[in-house]
Protein chains: 2
Amino acid sequence: MQSLITAPAMMQELHSNLRSTTLRFRAGQLIFDEGQKATRWYEVIQGTVRTCRFHMDGHRHLTGFFFSGDVFGADHGTYGTAAEAVTDVVVRCYRVGDITDDSTPKPQLDEAVSILFRAMSTAQRYLFIMGHRTASERLAAFLLCLKQQANDDPNIFVPMSRSDIADFLGLTVHTVSRTFTDLARRGLIEINGRDSVIITDNAGLCRLAGEYQDSMTPDVDTDIHPAADLCLGELSAA
Amino acid sequence: MQSLITAPAMMQELHSNLRSTTLRFRAGQLIFDEGQKATRWYEVIQGTVRTCRFHMDGHRHLTGFFFSGDVFGADHGTYGTAAEAVTDVVVRCYRVGDITDDSTPKPQLDEAVSILFRAMSTAQRYLFIMGHRTASERLAAFLLCLKQQANDDPNIFVPMSRSDIADFLGLTVHTVSRTFTDLARRGLIEINGRDSVIITDNAGLCRLAGEYQDSMTPDVDTDIHPAADLCLGELSAA
DNA sequence: CGTGCGCTTGACAGCTGTCAACACTTGTGG
DNA sequence: CCACAAGTGTTGACAGCTGTCAAGCGCACG
């Protein structure tokens, strides 16, 4: 569920060496705006943050959700997205020299590059979802990401609004809402209010999302590439 | 139209210092496979190359097209996609030390990182297209990319098959075909055989693709974010 | 000339966006 | 405490778009 842009875990190794400021934002508040000079990066201490872009046609596109421990805003030059508080949040804010700064130690630079490549790979997997998956498949993948984010607890806390989910998955609020009730009707989940979902059929949800449990092989008989894979779970990989 | 993964122009600066091998591939031939160790990167001398992934459900997803001068295959660790010749191609093949190799000069490393961030930005823009755009809007954006790739000549050469375009845009062959004829019927393009298209109404095509010519402002009256933009043309940015 | 492949087209169904209405919660003010 | 408004979420009706299925066309190749 982390950003498709950057989640440089490598920077976490520098925590002890960096001066940080703790900030609080109320739900809905802007943390930084798209296009601003990217002089700081942030770590979520408590709450949930979203990154988003607005497009000419008025559509909003959410590019990631960030939870406790996640890093966001580590962009290059200017911020490629805005960041907003989904809930009341507490974040730690670090000034950074540019990643390509001479003072950056070599191994961490290596890891940064590696992470960027992984982020690209994640983005491409996500591209596939947006291009080829239906609403219920996208929502299933999304819920599994939330579950993984919460240590695989099937009792999921959903801090973001239906509208946020819609703008993240490329759907409308209506479709998201309908799909929630549809998944519930099919016995895959149970809905407890607007911010709580229980996964009652994990295997079924995985099947929907395009993941296959255990060593189950996909039921295709054509000449599939051996390396073929689509691990939606990695959407939330750091 | 270049890869969403990597198109490190910085490496081109090293051409003169590197040993290279010239290789030829016939249309349809595999250049390298997904998952292989990424020990070389390639530059297209002549022809067109595509990079693709296969997914469990049997779907193919093309991640980029590469034309003369474009660089592909500069991945980290293993290739994230396979690369195939769309037409008969001539490529130059370079062995590379890892980008993070100690011998890589600092400025070029900086540029590599910068390019990676830009690629991420491009991927996110592309994500938006996949999530929010209709078939005709996608095809319009695609054709404009092809046009830009060919020095803005409105007489476009389309080397790839309808199937390739479909798997790149997240559509089916049928929809791509129907959309081609639809654009022609609306007077935006003229189709000359399967591999040649003339753009007869550039402004109209731009409007469709979500780009606005000149200083035309989008006709929305809601509280649009000031930094809002969607420049599909940058899809083909290096 | 026959075959195979890619491209096109039509009919149809399914999914999702749009429009509309309503329920529920929250906050404000009387 | 109630009335009211605003925001969010849900649901239904409907239309439009796109995938699926099916058929046919044109071209390249043997």
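Below, chain A is the first sequence line, B the second, and so on; all start at residue 1. All of these numbers come straight from a predicted model, not from anything done at the bench.
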From CA spacing to verdict: ring-ring contact (aromatic ring centres under 6.0 Å, His included), A:Tyr42, A:Phe32: CA-CA 10 Å; A:Tyr42 298 80; A:Phe32 57 75; 5.6 Å; yes
Between P of C:dT8 and CG of B:Leu139, the distance in whole Å: 11 Å
Candidates C:dT16, C:dT9, D:dT18 - which lies nearest the side chain of B:Thr181: C:dT9
Touch class at under 4.0 angstrom, heavy-atom based, for A:Ser177 against every strand present: base
Nucleotide nearest A:Arg162 (side chain, heavy atoms from C-beta), chosen from C:dT8, D:dG9, D:dT20: D:dG9
A:Arg50 to A:Phe168 six-membered ring, cation-pi geometry met (6.0 Å, 45°): no
Backbone N/O of A:Ala166 and side chain of A:Arg138: donor-acceptor pair under 3.5 Å: no
Expected output: side-chain A:Asp88 to main-chain A:Arg26 donor-acceptor under 3.5 Å: no
Atom-pair distance (CG on B:Asp182; C1' on D:dT18), nearest Å: 13 Å
Atom-pair distance (CG on A:Leu171; P on C:dT18), nearest Å: 11 Å
DNA chain D: 5'-proximal contact among A:Ser163 and B:Gly170 (nearest heavy atom): A:Ser163
Short N/O separations, protein against nucleotides 22-25 of chain C, under 3.5 angstrom:
none

Separation of atom CZ in B:Arg133 from atom C1' in C:dT16, rounded to whole Å: 17 Å
B:Thr172 side chain near D:dG19 phosphate (N/O to OP1/OP2, under 4.0 Å): yes
Distance-only side-chain donor-acceptor flag, B:Thr51 / B:Thr63, under 3.5 Å: yes
Salt-bridge contact A:Arg60-A:Asp164 (side-chain N to carboxylate O under 4.0 Å): yes
A:Asp70 side chain near A:Phe65 side chain, heavy-atom distance below 4.5 Å: no
Contact under 4.0 Å: A:Thr175 side-chain N or O vs C:dG17 OP1/OP2: yes
A:Asp167 CG to C:dT16 P, straight-line distance once rounded to whole Å: 16 Å
B:Arg178, nearest nucleotide to its side chain (from C:dC7, C:dG10, D:dT18): C:dG10
Of A:Ser136 and B:Ser161, the one whose closest DNA chain C nucleotide lies more 5': B:Ser161
For atom CD1 of B:Ile191 and atom C1' of D:dG26, their distance in whole Å: 15 Å
B:His174 NE2 - D:dC25 C1' separation (whole Å): 15 Å
Between C1' of C:dT16 and CG of A:Leu169, the distance in whole Å: 14 Å
